[in-house]
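Working notes for the structure below.
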Number of protein chains: 2
Amino acid sequence: MSISPIAARPYLRDEVYTALKVRLGVRAAGLTAPLRLREEELAAELGVSRTPVREAMRRLEQEGLITFRPRRGARLMPTSLPEYLEWLSIREMLEGLAAREVALNGAADIVPRLRAVFADFDEAGALARPAEYAAANTAFHALMIKESGNALLGKTWDSFGHLKMAGLRFIERLNRGSQSFHEHHDIIDAIAERDPDRAETLARRHVRLLRDQAAASLKEFDLHEKNETTP
Amino acid sequence: MSISPIAARPYLRDEVYTALKVRLGVRAAGLTAPLRLREEELAAELGVSRTPVREAMRRLEQEGLITFRPRRGARLMPTSLPEYLEWLSIREMLEGLAAREVALNGAADIVPRLRAVFADFDEAGALARPAEYAAANTAFHALMIKESGNALLGKTWDSFGHLKMAGLRFIERLNRGSQSFHEHHDIIDAIAERDPDRAETLARRHVRLLRDQAAASLKEFDLHEKNETTP
DNA sequence: CTTCTCTATTTTGTATACATATACAAAATT
DNA sequence: AATTTTGTATATGTATACAAAATAGAGAAG
């Protein structure tokens with residue numbers, strides 16, 4: 001006879017890591033100036049001691065979400081558009097790989113599952129409900145990465161969570177919902193045909209178009225990122 | 001009157017991080033069974049308390065060099081060939097991106113600098129001095145990544161240090177020094193011609209050939225990685 | 001001889017304490 | 001009045017302390 005455990009005991013450092021990641025990731029998306037993070041304040045807010053907070057912050061530091069200056073604590077930096085463009089360059093390659101692998105080795109039911117993500121949308125809907133469509137968009141790419149079967153790709157992808165969040169700030173001004181809609185379906189079609197080369201090409205183009213548009217709008221954004229004054 | 005400062009004080013957590021990364025990275029390359037890491041032991045060895053050791057370990061955990069099981073501490077896992085192949089798939093994309101960027105935006109003197117890396121070798125030398133050639137190989141790829149101008153690419157690359165180390169264990173049996181020699185020079189030629197498409201294609205092929213050969217030898221390696229017993 | 005159980009030991013997880021560097025503000029000096 | 005100096009507060013960096021879980025080992029039962 002087997003009984004289920006009362007409760008899998010959570011570990012504070014992991015809880016804190018998740019809590020901070022969500023909280024800071026969201027904040028980072030709208031950030032225009034560095035945000036100072038005080039350990040004691042965060043610890044008090046979360047009801048724990050500084051130790052798990054510090055350990056969580058080390059992980060976030062390694063991910064690149066926060067930066068440390070010795071003896072001066074952690075800071076959450078706003079993501080600059082140039083940094084976001086760097087991420088899109090990398091993302092182009094990673095998504096290309098994922099699309100290729102899914103076309104080659106994806107599960108038999110992957111195509112309906114991918115289509116289901118966008119089932120609630122037609123082209124008009126994608127434009128009318130941008131927030132929901134953005135969520136579907138995220139789900140689509142996450143599913144592709146997951147279905148690629150490359151666990152390391154998934155881990156790499158996840159570790160860039162803050163950049164994906166930050167992207168919302170830049171992307172929302174681009175209004176490319178309609179194009180995006182068609183591009184996604186083209187990628188799914190290529191996967192349905194089990195054509196890895198075409199799937200990769202389309203996935204890469206999808207990201208590259210986004211990157212090109214974001215780069216073109218570079219001038220429109222504040223360049224506050226360059227005004228970092230480190231005394 | 002001026003006196004010289006006593007000493008610029010380093011930060012233990014960073015020293016520990018570097019020390020552990022080197023030490024564990026090297027060990028991981030030859031590892032065939034999980035290696036348990038005791039915090040107190042490491043702390044004593046390095047002459048510090050557990051705190052900086054733990055913070056360093058959080059960063060290494062986030063990088064993927066070590067894994068944690070709650071209340072059971074950290075373990076250094078041997079890199080499996082399947083995991084290494086996953087890395088090579090990702091690496092193919094990252095190196096392709098780097099080669100493209102270098103061809104597009106590399107400094108004026110990048111070609112001689114790339115050639116200088118292999119200046120000491122001809123084809124015979126690459127075969128005769130495999131250890132030195134492996135080092136040159138590493139330097140070449142690191143220089144390409146650095147010269148790409150994509151800082152995030154460099155950070156991503158660096159965070160896979162342990163897999164690059166582990167690779168030595170698999171690659172050394174493949175003896176593809178001669179092919180590698182020509183492939184490198186072809187990539188440099190494409191960069192010299194400032195042909196980004198060809199540079200990317202060649203860089204990707206370079207890694208993919210390595211991956212294919214490694215995959216083909218899958219059967220030769222012990223599959224101890226699958227015998228992980230998690231009680 | 002094997003297997004199980006109970007206890008002792010070890011080790012991790014978290015909290016707290018202390019030392020030191022930075023920040024800020026008031027006082028002193030130019 | 002402006003600038004430097006110095007005192008104090010605050011926050012970080014590291015060490016230690018204590019509690020809880022896991023491991024190991026001895027002894028008992030089969």
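The chains referred to below are lettered A, B, ... by the order of the sequence lines, with proteins before strands, and numbering in each begins at 1.
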Q | For atom OH of Tyr17(A) and atom C1' of dT14(C), their distance in whole Å | A | 20 Å
**Q.** Side-chain N,O (Arg72(A)) to OP1/OP2 (dA23(C)) below 4.0 Å
**A.** yes
Q) How many Å lie between CZ on Arg50(A) and P on dT16(D), as a whole number? A) 16 Å
**Q.** Of the listed nucleotides dA22(D), dT12(D), dT16(D), the one nearest the side chain of Arg54(A)
**A.** dT12(D)
Q: Measure the distance from CD on Glu39(B) to C1' on dG13(C) and round it to the nearest whole Å.
A: 8 Å
Q) Rounded to the nearest Å, what distance is computed from the CD atom of residue Glu41(B) to the P atom of nucleotide dT12(C)? A) 9 Å
Donor-acceptor pairs are to be reported for all side-chain atoms of residues 155-165 of chain B against protein atoms at under 3.5 Å, with residues two or more places apart or in another chain.
unit_1	atom_1	unit_2	atom_2	d
Thr156(B)	OG1	Leu152(B)	O	2.8
Ser159(B)	OG	Thr156(B)	O	2.8
Lys164(B)	NZ	Trp157(B)	O	3.3

Q) Aromatic rings Phe118(A) and His184(A): how do their planes relate, parallel, tilted or perpendicular, breaks at 30° and 60°? A) parallel
Q.
Both conditions, 6.0 Å and 45 degrees, for the charged tip of Arg13(A) above the ring of Phe68(B): are they met here?
A. yes
Q. In whole angstroms, how far is the P atom of dA22(D) from the CZ atom of Arg69(B)?
A. 11 Å
Q: Among dA15(C), dG13(C), dT12(D), find the nucleotide with the atom closest to the side chain of Arg13(A).
A: dG13(C)
**Q.** side-chain contact (heavy atoms from CB on, under 4.5 Å) partner of Leu20(B), the single match among Leu37(B), Leu60(B), Leu65(B)
**A.** Leu60(B)
Q: Could you tell me the separation between the CD atom of Glu40(B) and the C1' atom of dA17(D), rounded to a whole number of Å?
A: 12 Å
Q: Starting at atom CG of Leu37(B), determine the distance to atom C1' of dT12(C), rounded to an integer number of angstrom.
A: 13 Å
Q | Side-chain N or O of Arg38(A) closer than 4.0 Å to phosphate OP1/OP2 of dA11(D) | A | yes
Q. Val48(B) or Gly73(A): which one's nearest nucleotide on DNA chain D is closer to the 5' end?
A. Gly73(A)
Q: Write down the distance between CG (Asp14(A)) and C1' (dG13(C)), rounded to a whole number of angstrom.
A: 11 Å
Q: For the side chain of Pro52(B), starting at C-beta, report the closest nucleotide among dT14(D), dA11(D), dG13(C).
A: dT14(D)
(Q) Is it the case that the base of dT20(C) and the side chain of Arg71(A) share a donor-acceptor contact (distance under 3.5 Å, atom types as modelled)? (A) yes
Q | Gly47(A) or Pro70(A), whichever maps to the more 5' nucleotide of DNA chain C | A | Gly47(A)
Q. For Arg58(B), what residues pass the side chain to side chain donor-acceptor pair (under 3.5 Å) criterion, not counting sequence neighbours?
A. Glu55(A), Glu61(B)
Q: Please determine, for the side chain of Ser49(B), which listed nucleotide (dA23(C), dA15(C), dT16(D)) has the closest atom?
A: dT16(D)
